[in-house]
Amino acid sequence: MMRVRFAPSPTGFLHIGGARTALFNWMYAKANGGQFILRIEDTDQVRSKEEYVDEILNSMKWLGLAWDELYRQSERFAIYREYADKLLKEDKAYKDGEAVILKIVPQKIKIYDLIRDEIEFDSSEIKDQVLMKSDGSPTYSFACVVDDALMEISCVIRGEDHISNTPKQLLIYQALGFKPPKFAHLPLIMGMDRARLSKRTGATAVSDYQKEGFLSEGVVNYLMLLGWSPGNNQEVVKLDAAIKSFSIKKINKAAAIFDMDKLKWINTQHIKQKSVQELTGLLVPFLQEKGYLGQNYNGKNLENIVDLYKGRISTLLDFLDWTDFLFVQEFAVSPELKNEYKIANLTKEFRLLQQRLQGVEDFNHTNVETVFRAAVEELGLKAADLVHPIRVALTGKTVGPGLFETMALLGKEKTIQRLADAVKHQ
Ligand code: GLU
């Protein structure tokens with residue numbers, strides 16, 4: 001049975017890099033009918049925090065990366081102690097105070113990496129290794145090796161930053177008499193500035209992307225492109241399709257560049273692929289959080305709004321920026337915009353339109369358009385002369401989807417009210 005693991009330390013939130021490691025492990029397991037183990041490496045009792053454990057588990061669930069088994073290293077201290085004692089008894093380790101230290105036997109160490117092929121190390125550089133610290137807790141490498149062996153991990157897939165730990169860990173496998181797993185070290189993720197990924201260049205928590213209104217499908221899709229490609233120039237892929245073509249050997253050695261615009265573009269594509277109903281369901285919590293929707297709302301009306309804006313948004317939060325004018329109680333157009341669109345000079349035109357719209361019974365976009373065109377003709381104007389100022393007066397924005405659809409969504413009362421307000425104090 002092929003078994004892989006993702007082993008985050010809960011000393012911080014799950015970031016993009018960790019999520020990519022989790023995803024590649026998960027995809028590798030699914031592509032090979034194997035199992036995916038989640039192991040919380042919480043041996044550092046000072047820096048590990050329960051809120052980080054919760055956040056890691058929630059982010060994993062949100063990304064859709066279900067695990068087959070879950071372990072916490074803090075519950076396994078007796079096991080590490082047992083193996084440390086064994087090494088002491090066999091004289092492969094010695095004590096320094098309360099600490100247990102592995103004797104290093106100088107030798108050449110070779111690791112076979114599925115992505116990088118053979119890597120050779122000279123152990124003369126490696127000093128004797130602490131296995132158990134004097135406070136009774138295991139070191140990262142010792143707990144990692146004991147667990148990877150006992151959990152029967154067949155391939156360790158992790159970030160390139162762990163390559164330097166691998167020879168030390170191989171020596172621990174050797175001392176314990178365990179067969180080492182295969183290794184695959186994933187390329188670094190760098191920012192657009194070609195430096196280490198930072199907060200500014202995208203190294204934020206997965207939960208931040210969730211709060212910003214990215215879809216989990218979009219994030220997962222973008223993460224899988226960081227070092228791997230589904231082939232055939234394909235970029236927008238669903239997870240189940242990607243699994244079918246996933247191969248660890250096809251992962252690049254070269255660093256991957258995190259491109260926020262690309263992530264947004266991928267997310268936009270996944271938003272377009274959603275049905276209006278599903279997208280509406282995802283938007284409701286964002287609208288409620290912002291105070292735009294209460295517990296009870298008109299679902300059909302909301303779906304109509306979503307339908308009109310679906311093609312324009314790249315995140316769920318974008319939707320709120322586009323449609324705020326439909327939900328806010330206090331609506332006002334900035335004086336700058338009013339000036340720019342010379343709304344003060346349109347009092348007569350706006351008043352006529354108000355009167356005509358008052359007569360529309362069924363305030364749908366076709367009826368609104370008919371009335372609007374008749375009014376424009378009566379005024380001896382062109383439609384374009386009024387469309388833009390009216391859009392500004394009704395939405396506070398200079399761009400948007402069709403004006404008549406927008407008016408229909410806003411409704412008769414608010415449309416007429418806003419046209420009146422726009423020219424009131426002039
Ligand atoms: N807890 C380690 C980390 O978060 C795991 C490294 C490994 O996968 O071996 O980096």
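This one's a predicted model, so the numbers in the text were calculated from it and none came from an experiment. For ligands, and for the atoms within them, numbers begin at 1 and follow the listed sequence.
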Of all the non-hydrogen atoms in the protein, which one sits nearest to [atom], and at what distance?
atom	value
atom 8 (O) of ligand 1	R5 NH1, 2.6 Å
atom 10 (O) of ligand 1	H162 NE2, 2.8 Å
atom 5 (C) of ligand 1	A7 O, 3.1 Å
atom 4 (O) of ligand 1	S9 OG, 3.3 Å

I need the atoms of ligand 1 closer than 4.0 Å to a non-hydrogen atom of [X], numbered in the order shown.
X	value
Y140	2 (C), 5 (C), 6 (C), 7 (C), 9 (O)
C144	9 (O)
R158	7 (C), 8 (O), 9 (O)
E41	1 (N), 2 (C), 5 (C)

Ring center gap for F13 and Y52 short of 6.0 angstrom: yes

Below 6.0 angstrom between ring centroids: does that apply to F36 and Y28?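 Distance test on ring centres: not under 6.0 Å, no.
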
Does K103 come within less than 4.0 Å of D91, counting only side-chain N to carboxylate O?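 The answer is yes: the pair qualifies as a salt bridge.
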
Would you call K424 and D421 a salt bridge, using N to O less than 4.0 angstrom?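 Counted as a salt bridge, because a side-chain N and a carboxylate O are separated by less than 4.0 Å.
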
Backbone N/O of K300 and side chain of N298: donor-acceptor pair under 3.5 Å: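 It does hold such a pair.
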
Could you tell me whether R39 sits above the aromatic face of F6, with NZ or CZ closer than 6.0 angstrom to the six-membered ring centre and within 45 degrees of the axis? no

